[in-house]
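The structure appears below as structure tokens.
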Amino acid sequence: MEQDSMTHPVIDLKGLSVRFGARQILSNLEGELRGRSIGLLGPNGAGKTTLIHTLLGFHEPSSGTAHIFGRDISHEAKEIRALIGYMPERDAFIAKMSCVQFVRLMAELSGLPAEAALERAHEALFYVGLGEARYRTLDTYSLGMKQLAKLAQAIVHGPRLIILDEPTNGLDPPTRQRMIRLIREIRDGGRAHILLSSHLLRDVEECCEEILVLKDGRIATYCNLEEERRANLKFLEMEVRGGDGAFAEAIGKLGCEYALVGERRIKLVLNEGIEIADLYRIAQEQRVQIRRLNYKKDSLEDIFLKAME
Amino acid sequence: MAVYEHTYKQFEGELTPAWSRFLIIPRHAYRSVFQSKLFTAFFVLCMVYPLVAAILIYLHHNTQALGIFQLEVKQLLPIDASFFQIYMVVQGQFSFYLNLLVGPPLISRDVSNNALPLYLARPFSQSEYVMGKMSVLLILLSLITWIPGLLLFFFQAYLEGAGWFTSNLHIAGAILIGSWIWIILLALLSLAISAWVKWRLAASAALFGLFFIPAIFGEMINQLFMTRIGKLFNLTALSNAVWAGLLGTFTREVGTVRVRSGGRFSTVTLYDPPLWSSWMMLGLVCIACLLLLYKKVRAYEVVK
């Protein structure tokens, strides 16, 4: 998998457009998504689900194409689907089947031999926390359990890319936490990439490294959350006590831009190579107490709202 | 990997051949189908007529047994094309009712539970899905139509000798082809209805109605216009005509009626529709079913 993602992007959008009748749903999407966990964000009707469905080969692109691990969605849909595990947004199950039978059937359809499919169905259900309830029919499951069963069927065959469409929809807080924990575990295991579509920014913030924001069928922004956060680490605001302005001057000598706000507050921009520990060292030398130190961190909400402007 | 090792792991074993994966669907479907005692009882009942036919064939060749029952060979049905035609008609009826029990919920359950995206998000195509669902019916219906039919044919050939076998080989072909036409028609109709009608009872009623309502309409045409062209609306009659054609017992002339026109009586000869028209109608019905299935069996419907 690592080799695959190094040589090919996870998803490579090449002018992908999708049109339903006269309505343009996705317009000329371009970009290479390489992250281990990619959050797909956007307001309702932005085209998130259509993008997922098109990647799965459910809809034909009207123009352009996309590649998943280097395979073209227009010509190699079946090969691509063998590499993907998909958890749909809506309630989806096969009636009159126990959960273990259902997950086994899904594994078999992905090409696993019957015995291996049964073994992995048990494993997947234990993994998501449905081990004790695996012989119950799906009709008797609660909403949270159904969501976990959908996750189990998406991972049972060990896909390289797991597409999760609104996985925490309708879940109570403990079940949501469990779902998030599972997604993070899969991500941290490094064996699969995750594409998580959600309108809940918190879910995406907790699980994803990169985000792709769609707006009106176009890419509004694509960024690495960690890099965005790191970039914003540089803006600092401090409240100090003691000293006679020598502390601010000493900071200025480091080459940092600063501004005094009143007697006690200093705003500054940290230069490349200067750490917060350096500020504490100078404060000790100048016999100044740092009472408060904040850096303004751009939240995902800020990034999302900026993209929506 | 043991179940206590709760980690995400990829599957590294060998995969099954892609062509065989549609057979996974019937394997799982039979588990729930045979859970029903009503179904199992009916399935056993479907085997009764082939058993009766086998006994008849046996009696034909066993004078001792005929003596015990105080029967003469003349009193029994002759073992010829018409014997097998009756077999096909009887088993055709049984297969219709068996299809009525199994067919309607096959796709409707998946549609009403949004299961289609789960199937189609895997390396499993729309046509493989339809093939899988169809094979649930095709395998079951084969077990009560052409398989016992051919066994009866070979049983008769074994008892009668090689001469009978070679001179009646067309009967075996007719049983095989005729039964396949019938079970494909039944399977396609029930799957198409199952895809469009979510409610099981309504789907069963629609399937039942599709065989009987057009037949009644056709009969009305026949009576009103002194014709037999109305048979083209009767799926059972179309299949019977095709079977008769395959067995070599088909005749177009079906009788005469006396018609009074202008105060004078005249005799009109009635003809069944030509054989090719029966084939064509069955073909058109099958194509229509496939189109309906193609339109409905999709991961998601797009409302344009």
Side-chain angles (χ1 to χ4, degrees), chain A residues 1 20-23 49 53 56-59 77-82 84-86 88 90-97 101-102 104-114 116 119-120 122-127 131 138-139 150 153-160 163 182 185-186 189 191-192, chain B residues 1-29 31-33 35-36 105-129 132 198 200 297-304:
Chain A
M1 185 200 78
F20 296 153
R23 196 171 161 222
T49 301
H53 289 178
L56 285 164
F58 296 165
H59 307 312
K78 230 173 163 180
E79 289 86 340
I80 287 172
R81 289 200 296 260
I84 293 179
Y86 171 53
R90 286 194 293 172
D91 209 8
F93 62 94
I94 297 171
K96 296 202 169 183
M97 258 193 190
Q101 258 182 297
F102 162 68
R104 178 197 182 174
L105 169 64
M106 291 295 120
E108 282 189 60
L109 291 176
S110 294
L112 271 67
E119 193 184 326
R120 287 195 58 108
H122 284 290
E123 286 169 13
L125 288 170
F126 269 98
Y127 181 66
L138 286 157
D139 331 41
K150 279 197 291 176
Q153 66 79 32
I155 61 171
V156 66
H157 54 296
R160 289 177 180 181
I163 299 179
L182 285 168
E185 261 178 44
I186 295 170
R191 290 190 171 107
Chain B
M1 187 178 80
V3 290
Y4 55 80
E5 290 176 43
H6 294 176
T7 52
Y8 178 80
K9 196 181 167 190
Q10 282 173 354
F11 179 71
E12 279 154 8
E14 205 171 309
L15 298 178
T16 54
W19 66 265
S20 68
R21 288 185 201 156
F22 74 93
L23 291 169
I24 294 163
I25 292 182
R27 189 154 47 77
H28 282 266
R31 200 170 291 161
S32 67
V33 163
Q35 270 174 356
S36 157
L106 277 177
I107 296 182
S108 64
R109 262 189 208 153
D110 290 343
V111 173
S112 52
N113 293 313
N114 302 316
L116 285 173
L118 297 176
Y119 284 99
L120 302 177
R122 300 187 177 268
F124 197 69
S125 66
Q126 187 191 26
S127 48
E128 281 170 314
Y129 174 82
K198 281 187 186 178
R200 187 201 168 143
V297 177
R298 283 161 188 259
Y300 289 99
E301 272 185 277
V302 177
V303 182
K304 290 184 179 174

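Below, read A as the first sequence line, B as the second, and so on, with proteins coming before strands; counting in each chain starts at 1.
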[X] vs [Y] side-chain heavy atoms within contact, under 4.5 Å:
X: Ile94(A); Y: Asn113(B); result: no
X: Arg122(B); Y: Met106(A); result: yes
X: Tyr86(A); Y: Leu118(B); result: no

(request) Give a yes or no answer on whether the side chain of Thr16(B) reaches the backbone of Gly111(A) with a donor-acceptor pair at less than 3.5 Å. (result) yes
(request) Taking Asn114(B) for its side chain and Asp91(A) for its backbone only, find out whether a donor-acceptor pair lies under 3.5 Å. (result) yes
(request) Run the salt-bridge test on Lys78(A) and Glu128(B) with the 4.0 Å N-O cut-off and return the result as yes or no. (result) yes
Which of the residues [options] is involved in the greatest number of heavy-atom pairs with chain B at under 4.5 angstrom?
options: Gly189(A), Ala95(A), Ser110(A); answer: Ser110(A)
options: Ile163(A), Val156(A), Ile155(A), Leu56(A); answer: Ile155(A)
options: Met97(A), Arg81(A), Gln153(A); answer: Arg81(A)
options: Ile84(A), Leu105(A), Leu182(A), Ile186(A); answer: Leu105(A)
options: Gln101(A), Arg23(A), Glu79(A); answer: Gln101(A)
options: Pro113(A), Gly131(A), Ala22(A); answer: Pro113(A)

(message) For the residue pair Gln10(B) / His157(A), report whether a side-chain donor-acceptor contact shorter than 3.5 Å exists.
(response) no
(message) Less than 4.5 Å to any heavy atom of chain B: does that hold for the side chain of Phe58(A), its backbone, both, or neither?
(response) side chain
(message) So which residue, Arg31(B), Glu12(B), Glu14(B), ends up with the most heavy-atom pairs under 4.5 Å with chain A?
(response)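 The option with the most such pairs is Arg31(B).
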(message) Please report the interatomic distance CD1(Ile24(B)) to CZ(Arg104(A)), rounded to the nearest 0.5 Å.
(response) 9.5 Å
(request) First locate atom CG of Leu109(A), then atom OH of Tyr119(B), and finally report the distance between them rounded to the nearest 0.5 Å. (result) 7.0 Å
(request) Select one option (side chain, backbone, both, neither) describing which atoms of Arg109(B) are under 4.5 Å from chain A's heavy atoms. (result)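 For Arg109(B), the contact with chain A is made by the side chain alone.
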(request) For Lys96(A) and Gln35(B), run side-chain contact (heavy atoms from CB on, under 4.5 Å): C-alpha distance rounded to whole Å, both residues' side-chain angles, the deciding distance at 0.1 Å, then the answer. (result) CA-CA 11 Å; Lys96(A) 296 202 169 183; Gln35(B) 270 174 356; over 6 Å; no
